[in-house]
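We name chains A, B, ... by the order of the sequence lines, and we start the count at 1 in each one.
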Protein chains: 2
Amino acid sequence: MRAATIREQEVLVEEHPDPLPGAGEVLVRVRAAGLNGADMMQLRGLYPAPAGSPRDIPGLELAGEVAALGPGAERFSIGARVMAIVGGGGQAQLATVHERQLMPVPDALDWPAAGALPEVFITAHDALFAQAQLRSGERLLVHGGAGGVGTAAIQLARAAGASVTATVRSEALRDQVDALGARAIAPEGFAAHGPFDVILELVGAVNLADNMQALATGGRVAVIGVSAGAKGELNLLALMGKRARIHGSTLRARPLEEKALATRRLEHEALPLFEAGALRVPIAETYALDQAAAAYERFAAGGKLGKIVLTM
Amino acid sequence: MRAATIREQEVLVEEHPDPLPGAGEVLVRVRAAGLNGADMMQLRGLYPAPAGSPRDIPGLELAGEVAALGPGAERFSIGARVMAIVGGGGQAQLATVHERQLMPVPDALDWPAAGALPEVFITAHDALFAQAQLRSGERLLVHGGAGGVGTAAIQLARAAGASVTATVRSEALRDQVDALGARAIAPEGFAAHGPFDVILELVGAVNLADNMQALATGGRVAVIGVSAGAKGELNLLALMGKRARIHGSTLRARPLEEKALATRRLEHEALPLFEAGALRVPIAETYALDQAAAAYERFAAGGKLGKIVLTM
């Protein structure tokens, strides 16, 4: 099979041996695979693939057809449309995935949408609902609303009955974020738009102090991205006064069973909303696998709303 | 009635009008009332009493006998032994308390123990179980194990099947903390004794960085005291890598219904353990109400294990 391949901080497309599905695994003929921030970090040598994932093939998510079943795999039939998060190796013509990590692809979604859905929607859903326990009627602030996780979070929160404000650095993208159901604002002075019951932090420690100010009593901060810096001063007295909490998490480092659980939750609570047309996957651009290097360049350039997707 | 009274950062004992129980309230003839850190802060002008509590009578907890019932109060009979946390006003001969905030006093407890129980045991129980969700088999670190909340937390955690390590600044008190069921250690280099599933922070931000290092994956930090300083640097990437969370809370500022809920939980989950003799209330010294000033001086001097209690 051919696969995007990391060689000395460059993305090439190389031949690899076809993977074989082990016990409980499914071999997927990949049709689309989204790019994510962690792929860029892995490319730069900052984020090694977890144990058990291919070391040199990036790709944290994929969608495709079931091509073969390993021993004991029985959730899906050959030819079924499936999608999943994976520890790595998604940007290839073939990939093996444990069947408990797979979700069926809703009929309403084409391949690029399905291939760009799992990582950002599972990440956003887990952070908003499993961690921060966002509820209907609550007020959510998303820091970094134009990114992949940000656009997923805005839609999921709106569909669940929350009101959403989102900071968006690029003025040019704010109308598109508004169109997803949020009130897009500049990052500067965001605390004046509060209070917020939940804050989804995709930017970094630069917001830490103002987040404490902007939180409502009983508020929750879920930190899942720190691209603008990880270290900042926290005032514990402010945290106590708000009776607040701060969660940190990453999806990628979790063990199989936790990823499968987060996947089941998304399948149960969000896939019906895709079927109903209430949620969509914003796609900025698609590239054929052979153009993987160009796709990574486009991703690195930023300034887009929606995902960059490889198609196979 | 006579009551401890704050006058220009001094504690006097003065006459006040007897309080009258309102709807759903109980008039308690107070027999004992513990001193707590928040009383000291209020004395120094740093922690005003919440709305609805006496401005000038300190005391966040009390135990005594039901002396009269307000309209609609029906949970307790005249003469019943009761104890409670209150927003203030506990260090007096009489106090009114909403009946939903009262707990029955276990037969095994004398008045000083009952008067010194509610604040620290409700605080510790709420932080360990409602917030940090400590479970049997987990490893707890208590920062400040010789204090009132610390000694309560150690006992509650041990009774629930957790193993407990506790930092204790005073070397002279470590044997007494060991006797409560903890492994008492010096604060310096505590992270080397980890990992810990839950850390109860009663000291302050000075421990923030090492707490992140000492946490197990999925760990929780509950911050309920910052006497040694509130501001410190937090590494959000470390928080994410541990998939951890940090809670902050205070009991005193919560609305009546949340205090009542925390009280019900303690009543249900911990009072049977007092009845069974598995938990005890360490008492350092008792003072008659007229000696309130001396009691506050003793409290401020520190270096004790166990509570300072006024008796009436």
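- Here CG of A:Leu239 is found 12.5 Å from CD1 of B:Ile224. Values are rounded to the nearest 0.5 Å.
- How far CG of B:Asp126 is from CZ of A:Arg243: 10.0 Å, rounded to the nearest 0.5 Å.
- Summarising the geometry, atom CD belonging to B:Glu258 is positioned 9.0 Å from atom OG1 belonging to A:Thr217; distances are rounded to the nearest 0.5 Å.
- For a residue to count as touching a neighbouring chain, one of its non-hydrogen atoms must lie under 4.5 Å from one of that chain's; by this rule B:Arg220 does not touch chain A.
- Within residues 137-155 of chain A, no residue has any heavy atom closer than 4.5 Å to a heavy atom of chain B.
- For the options A:Met240, A:Glu233, A:Arg245, A:Arg254, heavy-atom pairs under 4.5 Å to chain B are most numerous at A:Met240.
- Heavy-atom pairs under 4.5 Å with chain A were tallied for B:Ala205, B:Gly232, B:Gly204; the largest tally goes to B:Gly232.
- Once rounded to the nearest 0.5 Å, the distance linking NZ of A:Lys231 with CG of B:Leu236 reads 11.0 Å.
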